[in-house]
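Below is one structure, written out as structure tokens; comments come after it.
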Amino acid sequence: MASPRDRLGEPVRIFDGRAAARRTWAWLALLCLAAAALVPAAVVYLHARVWWVGVPALLLSMGYAAAAGWIAGRDRPRFRGRVAALHTGGLAVTGQGGGARTWDEFVSVTVAGVPGGPGGRVRWCFTVVADDGSVLRLGDDIPDVRTLGVAVAQEVTARIVPRLLTSVEAGSPSGSAPSPSTWTASRRTASGCRGAPSGTW
């Protein structure tokens, strides 16, 4: 059996979600510890009516707690980050729902973007379908997932379009040819990949 490197070619870029997850958990731990350490001090000094110490300590603890909540809501920390490896000949993803596939094995790429509210970042999710019906989802547990998804879409489209043109020139029925590249959008509320404004390459 050929090794993944033999099938997929040389690695181009690694998208390692484990490092990002470790950084997120480290920040959360530091902020939570700082908030927890300041609360007793704030209570003691406020009870003693030492306002110039108690009030700043209370405000700082509230600020640290708010920052921890903001980071948790923005990054949605996970215990297990996934790693995606972009190769010259395909894509390899570790973790749940992962695997290694060559570009010729993919038949479509769908993108969904969930707005994060006013001024918030968009959460991107790419759903890649293989010729055997298996589905690979690339979400925000992978860093720079938009860059990765666009690269995958470009590689897949570059192979689907020539096959489509060949089928058309050969006079094959429209039902047997791959669908052309299209984009459709909708405004539906969703979490993750489901129901978000989406499009298909």
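Computed over heavy atoms, backbone and side chain alike; hydrogens, waters and symmetry mates excluded.
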*Walk me through it: do V53 and L46 pass the test side chain to side chain contact (heavy atoms under 4.5 Å, CB included)?*
CA-CA 8 Å; V53 177; L46 288 174; over 6 Å; no
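- Between the side chain of T157 and the backbone N or O of Q154, no donor-acceptor pair lies under 3.5 Å.
- Annotation for R82 and R137: closest pair NH2-O, 2.6 Å, computed over non-hydrogen atoms.
- Contact annotation: the side chain of F15 never approaches that of V145 to less than 4.5 Å [non-hydrogen atoms, C-beta and beyond].
- When the side chains of ILVMFWY residues are joined at heavy-atom separations under 4.5 Å, either directly or via intervening members, L60 and V55 end up in two distinct hydrophobic clusters.
- Under the rule for a side chain to side chain contact (heavy atoms under 4.5 Å, CB included), L30 has no partner lying at least two apart in sequence or in another chain.
- Listed by chain and number, the residues in a side-chain hydrogen bond (donor to acceptor under 3.5 Å, both in side chains) with D104 amount to none (sequence neighbours excluded).
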*side chain to side chain contact (heavy atoms under 4.5 Å, CB included) evaluation trace for W124 with V111*: CA-CA 7 Å; W124 296 101; V111 58; 3.6 Å; yes
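- No more than 12 heavy atoms of other residues, nucleotides or ligands shown are found within 6.0 angstrom of CZ on R146.
- Side-chain N or O atoms of R49 include none that pairs as donor or acceptor with a backbone N or O of Y45 at under 3.5 Å.
- For A67, the side chain to side chain contact (heavy atoms under 4.5 Å, CB included) criterion is met by L31, not counting sequence neighbours.
- For D144, the side-chain hydrogen bond (donor to acceptor under 3.5 Å, both in side chains) partners are R13, not counting sequence neighbours.
- Atom OH of Y64 has 12 or fewer neighbouring heavy atoms from other residues, nucleotides or ligands inside a 6.0 Å radius.
- Evaluation of the side-chain hydrogen bond (donor to acceptor under 3.5 Å, both in side chains) rule for E105 yields R7, R101, T102 as partners, not counting sequence neighbours.
- Between T88 and L8, every side-chain heavy-atom pair lies at or beyond the 4.5 Å cut-off.
- Between T127 and V135, some side-chain heavy-atom pair lies under the 4.5 Å cut-off.
- Taking the side chain as every heavy atom from C-beta outward, F126 and T110 never approach each other to under 4.5 Å.
- A distance-only check finds no donor-acceptor pair linking the side chain of S134 to the backbone of A130 [under 3.5 Å].
- Counting heavy atoms from C-beta on, the side chains of V93 and L136 come closer than 4.5 Å.
- Across every non-hydrogen atom of G54 and A42, the tightest pair is O-CB, 3.8 Å.
- Residues W51 and L38 are members of separate hydrophobic clusters, defined by side-chain heavy-atom contacts under 4.5 angstrom among Ile, Leu, Val, Met, Phe, Trp and Tyr.
- Across W103 and L86, no two heavy atoms sit closer than the pair CH2-CD1, 3.5 Å.
- Here the closest heavy-atom approach between residue V107 and residue I160 is recorded as O-CD1, 2.8 Å.
- Interatomic distance, CD1 of I142 versus CG of D16, reported as 10.0 Å (0.5 Å rounding).
- Scanning both residues, A85 and I14, for their nearest heavy atoms gives CB-CD1, 3.5 Å.
- Summarising the hydrophobic clusters (Ile, Leu, Val, Met, Phe, Trp, Tyr; side-chain heavy atoms under 4.5 Å, direct or chained), the residues clustered with V43 are V39.
- The nearest pair of heavy atoms linking L28 to A68 is CD2-O, 3.2 Å.
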